[in-house]
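All remarks here apply to the structure that follows.
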Amino acid sequence: MRLSRRGLLLAGAGIALPLAMPRLLRAQGAPLRVGDQRGNARAVLEASGALKGFEDRIAWSEFPAAAPLVEALNADAIDTGLVGDAPFTFGAAAGVPAKAIAATREDRGGLAIIVPKDSPVKGIQDLVGKRIATGRGSIGHQVVLAALEHAKLPLDAVQFVFLLPADAKAAWSRGAVEAWATWEPYVSQEEILSGARIVASGRGITPGLGFQAARDDAIARRREDLSELVRRLAQAREWANANTAGYARTWSGLMNVPAPVAEHWFARAKTRVVPVDDAVERDEQGNIDLYRRAGLVRKPVEAKDLLDRSFAGAIRAGLGGA
């Protein structure tokens, strides 16, 4: 995969976001340009109160999925953004000039291959030769590959239909594909509202990582703001895990999603921010190696070259110095 400097993925997704920001936005004191996926970092920061006093130092851009967010990093449209381990790996291997400055850990039960409640499919073996909708290079793509490998099936045993989440849901809902490999909140939403069944999840077969990725030049120029951002994110996630029901109510109001969906997601995931360490490096190397076996990463890549451990102190400060 070769990512275009002109932002083809952004254009294809219909994102109204400039790919070349004015010099003024890069001037000292300008807001940090932060990419977010709907209902993610901004929502938990605002709900927890951890954003207070920092609002004017951030300019938010929202994306429908990780792929266009990674493309925005590549195109210098944003300085940093939170993405899953799979799209980060995919983008970094393709040459996106960014490093992971923080990681998230969560239960991977909500990363799953789902089928309609009345589907005859019972497990990954029943999907051999069938169509699965997901995003190319996404964590949904990752969980299918991991599930196939875990079941000792060929990595090309299914037919991938690569779509952004809204289109994937539409294809799945009308029966144009047999399964949808997706993530939260889509999994909880389909489980709660339509009775969808999980036939395979990432639990035990994927590492449950996400990354706060930042452009190399932003790490050099905006270290103070990036440190403050990851500190506050760590603090916000601690609050959310201690206040699951309250956060679910707040989040559902912000996102116009039923509160039971949010509570189901948050109670299962228990997302937390952690420093980049040896365990993160080991798990990220596992992601890279999986993609190599699938032929999606064609050249050797070392996880250590994609990770920046220098923000560990800021993250620990957000976790109360633990």
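FYI, the numbering just counts along the sequence from 1. Every value quoted in this text rests on a predicted model; they were computed, and no experiment measured them.
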Is there a side-chain contact between Trp251 and Pro185 in this structure, where contact means two heavy atoms from C-beta onward sitting under 4.5 Å apart? yes
Report the distance from atom CG of Leu319 to atom CZ of Arg272, rounding to the nearest 0.5 Å. 10.0 Å
Identified salt bridge (Lys or Arg N to Asp or Glu O under 4.0 Å) partner of Arg33 from the options Asp217, Asp76, Asp225: Asp76
For Glu106 and Glu184: C-alpha separation, side-chain torsions, deciding distance, then whether side-chain contact (heavy atoms from CB on, under 4.5 Å) applies. CA-CA 11 Å; Glu106 66 180 36; Glu184 298 286 20; 5.6 Å; no
pair Glu191-Ile198: side-chain heavy atoms closer than 4.5 Å: yes
Counting only heavy atoms not in Gln159, do more than 12 fall under 6.0 Å of its CD? yes
Got a second to check how far Asp278's CG is from Lys304's NZ, nearest 0.5 Å? 13.0 Å
Is a donor from one side chain sitting under 3.5 angstrom from an acceptor on the other, for Glu284 and Asn287? yes
Report yes if some heavy atom in the side chain of Glu281 is under 4.5 Å from a heavy atom in the side chain of Arg309; otherwise report no. yes
Check the surroundings of atom CG in Asp305: do more than 12 heavy atoms from other residues, nucleotides or ligands lie under 6.0 Å from it? yes
A side-chain contact here means heavy atoms from C-beta on lying under 4.5 Å apart; do Val34 and Ile78 qualify? no
NZ/NE/NH1/NH2 to OD/OE distance under 4.0 Å, Arg108 and Asp85: yes
Go through the side-chain N and O atoms of Arg222 and Thr80 and say whether any donor and acceptor fall under 3.5 Å apart. no
Under a 4.5 Å cut-off applied to non-hydrogen side-chain atoms, are Lys130 and Val158 in contact? no
Hey, does Thr104 have a side-chain heavy atom less than 4.5 Å from the side chain of Val274? no
State the CD-OG distance between Glu238 and Ser48, to the nearest 0.5 angstrom. 11.0 Å
Separation of Leu163 CG from Trp172 CH2 (nearest 0.5 Å): 14.0 Å
Have Lys270 and Thr244 got a donor and an acceptor in their side chains that come within less than 3.5 Å? yes
What I'd like to find out is whether the side chain of Val144 reaches to under 4.5 Å of the side chain of Ile113, using heavy atoms alone. yes
Working to the nearest 0.5 Å, report the span between CD1 of Ile114 and OG of Ser201. 12.5 Å
Common cluster, Phe311/Leu45, ILVMFWY with side-chain heavy-atom separation under 4.5 Å: yes
Going by heavy atoms in the side chains, are Phe88 and Val70 under 4.5 Å from each other? no
Step through the shown structure and confirm whether more than 12 heavy atoms of other residues, nucleotides or ligands are within 6.0 Å of CZ on Arg249. no
Just say parallel, tilted or perpendicular for the rings of Trp183 and Tyr186, cut-offs at 30° and 60°. perpendicular
Using 30° and 60° as the class boundaries, would you call the ring planes of Phe90 and His141 parallel, tilted or perpendicular? perpendicular
For the atom pair CG (Leu69) and CD (Glu62), what is the distance rounded to the nearest 0.5 Å? 10.5 Å
Test the Arg237-Tyr247 pair against the cation-pi criterion, namely NZ or CZ under 6.0 angstrom from the six-membered ring centroid and within 45° of the ring axis. no
For Asn256, I'd like to know if atom CG has over 12 heavy atoms of other residues, nucleotides or ligands within 6.0 Å. no
If you look at every heavy atom in Gln189 and Val257, which pair is closest and at what distance? OE1-CG1, 4.0 Å
